[in-house]
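Accompanying notes for the structure given below.
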Amino acid sequence: MTVSIIVPCHNESGNLKILHERVSGIMDACGEPWEMVCVNDGSTDDTLLQLIALHQHDPRIQVIDLSRNFGKEAALTAGLDAAQGDAAIPLDADLQDPPELIPELLAQWHDGYDVVNAVRLSREGESWLKRASAHFFYRTINRMSAVDIPADTGDFRLLSRPVLDALQSLPERRRFMKGLFAWVGFRSTNVYYHRAPRHSGKTTWNYWKLWNFAVEGITSFSQVPLQLAAYLGFIVSGLAFLYALWLIISTLVYGNPVKGYPSMMVTLLFLGGVQLMALGVIGEYLGRIYEESKHRPIYLVRNTWKNQQRSNSELNKNKTS
């Protein structure tokens with residue numbers, strides 16, 4: 001039984017050599033046949049050159065070079081699609097998720113589990129704001145979604161072949177992989193670890209990207225924002241009706257003095273803001289429908305390196321050039 005290690009890479013030049021050393025040492029000690037599928041997601045440094053060099057040194061490393069930067073979710077999908085193993089383990093190239101946990105993941109798999117989640121007990125090297133926002137996000141999305149997404153769990157986990165086949169059958173283009181891992185179901189369990197700081201380099205995940213990632217996750221697995229927009233509309237309409245009754249009664253009792261411009265402006269601005277917010281929520285879901293309707297591929301592969309030979313796509317490219 002072969003185990004596939006899936007490694008999406010974007011500007012990870014400083015981490016690849018030590019990553020290969022740690023993974024190969026651990027997997028060789030386990031005695032399991034293995035491969036490492038490295039996906040170059042539009043890196044602008046020498047990540048691709050280093051991956052090719054590692055492949056030439058160790059043919060168990062498969063290199064997939066995407067045509068541009070499609071994002072981590074697409075790169076992870078490409079790696080999972082290319083995995084030939086009976087189980088796959090997504091692993092970040094920055095070494096925050098320790099390869100030393102792989103034997104424990106494999107042990108749970110051999111015990112019969114299809115999904116083995118690696119749950120973080122701590123997150124070293126990250127600011128309190130990032131830790132707090134991650135904690136809030138997982139709790140929020142689980143309250144809003146019908147699917148229970150494991151809290152404090154990233155992409156690092158083990159997925160058996162039936163799970164991989166189920167993931168490949170899902171047609172959506174805009175993918176929130178953490179949610180899809182949970183949506184497919186199957187028998188699952190958890191192992192726990194302490195997450196280390198990055199070994200080298202700087203993360204490209206700023207707070208704006210994290211915010212968009214959270215929005216992507218919520219809109220992918222919950223209709224609650226649409227329902228909240230509707231509820232807010234009913235509440236505002238009810239308050240407006242009560243305010244109208246108060247104005248009628250006040251006019252009948254106290255007359256109709258000419259005043260109230262500030263309160264009128266506040267009311268108009270509030271209602272306008274509510275309407276724009278509701279339109280924004282609808283726009284998020286409409287944008288997703290628009291993207292899905294195009295049926296564009298999730299990613300495009302430029303070249304692959306596998307079994308010490310270049311892919312047919314590269315050979316054909318050379319023939320036509």
Side-chain angles (χ1 to χ4, degrees), residues 1-41 43 47 50-55 57-64 72 75-76 78-80 82-111 113-126 150 152-161 163-164 177-178 181 188-203 205:
M1 293 186 293
T2 304
V3 178
S4 300
I5 311 297
I6 312 300
V7 185
C9 303
H10 179 69
N11 295 342
E12 298 289 356
S13 175
N15 297 317
L16 296 177
K17 183 177 180 181
I18 185 65
L19 171 69
H20 174 252
E21 291 176 356
R22 289 172 64 177
V23 170
S24 60
I26 292 162
M27 295 305 300
D28 291 342
C30 289
E32 299 271 3
W34 63 279
E35 65 172 354
M36 187 160 70
V37 182
C38 299
V39 183
N40 179 47
D41 186 26
S43 298
T47 292
Q50 291 202 33
L51 290 175
I52 296 173
L54 287 173
H55 163 74
H57 172 71
D58 186 348
R60 293 173 296 186
I61 296 179
Q62 178 184 166
V63 181
I64 300 174
K72 185 181 179 182
L76 179 57
L80 294 174
Q84 299 297 314
D86 298 297
I89 301 175
L91 180 68
D92 288 347
D94 56 18
L95 292 170
Q96 287 187 281
D97 299 325
E100 289 74 15
L101 194 66
I102 291 177
E104 191 171 349
L105 298 177
L106 294 175
Q108 296 294 333
W109 173 48
H110 289 309
D111 284 343
Y113 291 99
D114 291 295
V115 179
V116 187
N117 301 308
V119 181
R120 306 160 183 158
L121 294 174
S122 64
R123 303 162 65 105
E124 298 180 24
E126 297 181 357
D152 303 315
T153 305
D155 297 320
F156 187 35
R157 67 190 73 200
L158 182 143
L159 308 167
S160 68
R161 172 50 57 183
V163 178
L164 294 175
M177 296 304 295
K178 296 176 183 61
F181 292 153
S188 64
T189 188
N190 299 329
V191 298
Y192 300 88
Y193 72 105
H194 296 277
R195 198 177 199 214
R198 285 182 63 92
H199 176 265
S200 176
K202 184 178 180 181
T203 180
W205 285 93

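When a residue number appears, it is its place in the shown sequence, counting from 1.
- Heavy atoms only, all atoms of each residue included: Ala88 and Leu80 are closest at CB-CD2, 4.1 Å.
- In this view, Ala78 and Val39, Leu66, Tyr299 satisfy the side chain to side chain contact (heavy atoms under 4.5 Å, CB included) rule, not counting sequence neighbours.
- Shortest non-hydrogen contact noted between Cys9 and Glu12 is CA-CG, 4.2 Å.
- In this structure, Asn11 contributes its side chain and Ser43 its backbone to no donor-acceptor pair below 3.5 Å.
- Going from atom OG1 of Thr2 over to atom CG of Asp86 covers 6.0 Å, rounded to the nearest 0.5 Å.
- Remark: side-chain polar atoms of Thr47 are not paired, donor with acceptor, to backbone N or O of His10 under 3.5 angstrom.
- The structure places CE of Met36 at 5.0 Å from CG of Leu19, a figure rounded to the nearest 0.5 Å.
- Judged as a salt bridge (Lys or Arg N to Asp or Glu O under 4.0 Å), and not counting sequence neighbours, Asp114 has no contacts.
- In plain terms, the two heavy atoms of Leu51 and Cys38 that are nearest each other are CD2-CB, 3.7 Å.
- Considering Ile5, Ile89, Ile26 in turn, Ile26 is the only one that fulfils the side-chain contact (heavy atoms from CB on, under 4.5 Å) rule with Pro99.
- The only member of Asp41, Asp155, Asp94 that meets salt bridge (Lys or Arg N to Asp or Glu O under 4.0 Å) when paired with Lys72 is Asp155.
- Under the rule for a salt bridge (Lys or Arg N to Asp or Glu O under 4.0 Å), Glu104 has no partner lying at least two apart in sequence or in another chain.
- Every residue two or more places apart in sequence or in another chain that forms a side chain to side chain donor-acceptor pair (under 3.5 Å) with Glu35 is listed here: Ser4.
- Remark: Phe156 pairs with Tyr193 by the ring pair (Phe, Tyr, Trp, His ring centres under 6.0 Å) rule, at least two apart or across chains.
- Scored by the side chain to side chain contact (heavy atoms under 4.5 Å, CB included) test, Ile52 finds Leu48, Gln56, Trp305 as partners (sequence neighbours excluded).
- Atoms CG and CG, on Leu76 and Asp92 in that order, are 9.0 Å from each other to the nearest 0.5 Å.
- When side chains are defined from C-beta on, Arg22 counts as touching Pro98, because their heavy atoms get closer than 4.5 Å.
- Annotation: side chain of Val115 is not in contact with side chain of Phe181 (no heavy-atom distance under 4.5 Å).
- A donor-acceptor contact shorter than 3.5 Å links the side chain of His55 to the backbone of Ile61.
- Every side chain to side chain contact (heavy atoms under 4.5 Å, CB included) that Gln50 has, sequence neighbours left out, goes to Ser13, Leu16, Asp46.
- In this structure, the separation between NE2 on His194 and CG on Leu101 is 11.0 Å, given to the nearest 0.5 Å.
- Atom-to-atom distance recorded for His110:NE2 and Leu105:CG is 11.0 Å, nearest 0.5 angstrom.
- Pairing each heavy atom of Gly85 with each of Arg161, the nearest pair is O-NH2, 2.8 Å.
- In this structure, Ser24 has no side chain to side chain donor-acceptor pair (under 3.5 Å) partners at least two apart in sequence or on a different chain.
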Check the pair Leu106, Met27 against side chain to side chain contact (heavy atoms under 4.5 Å, CB included), reporting the backbone distance first and the verdict last. CA-CA 10 Å; Leu106 294 175; Met27 295 305 300; 4.3 Å; yes
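- Taking CD from Glu21 and CG from Asp58, the interatomic distance works out to 11.5 Å, rounded to the nearest 0.5 Å.
- Listed by chain and number, the residues in a side chain to side chain donor-acceptor pair (under 3.5 Å) with Asn117 are Arg157, Asn190 (sequence neighbours excluded).
- Contacts of Asp28 classified as salt bridge (Lys or Arg N to Asp or Glu O under 4.0 Å), with partners at least two apart in sequence or in another chain: Arg60.
- Looking at residues two or more places apart in sequence or on another chain, you find no side chain to side chain donor-acceptor pair (under 3.5 Å) involving Ser188.
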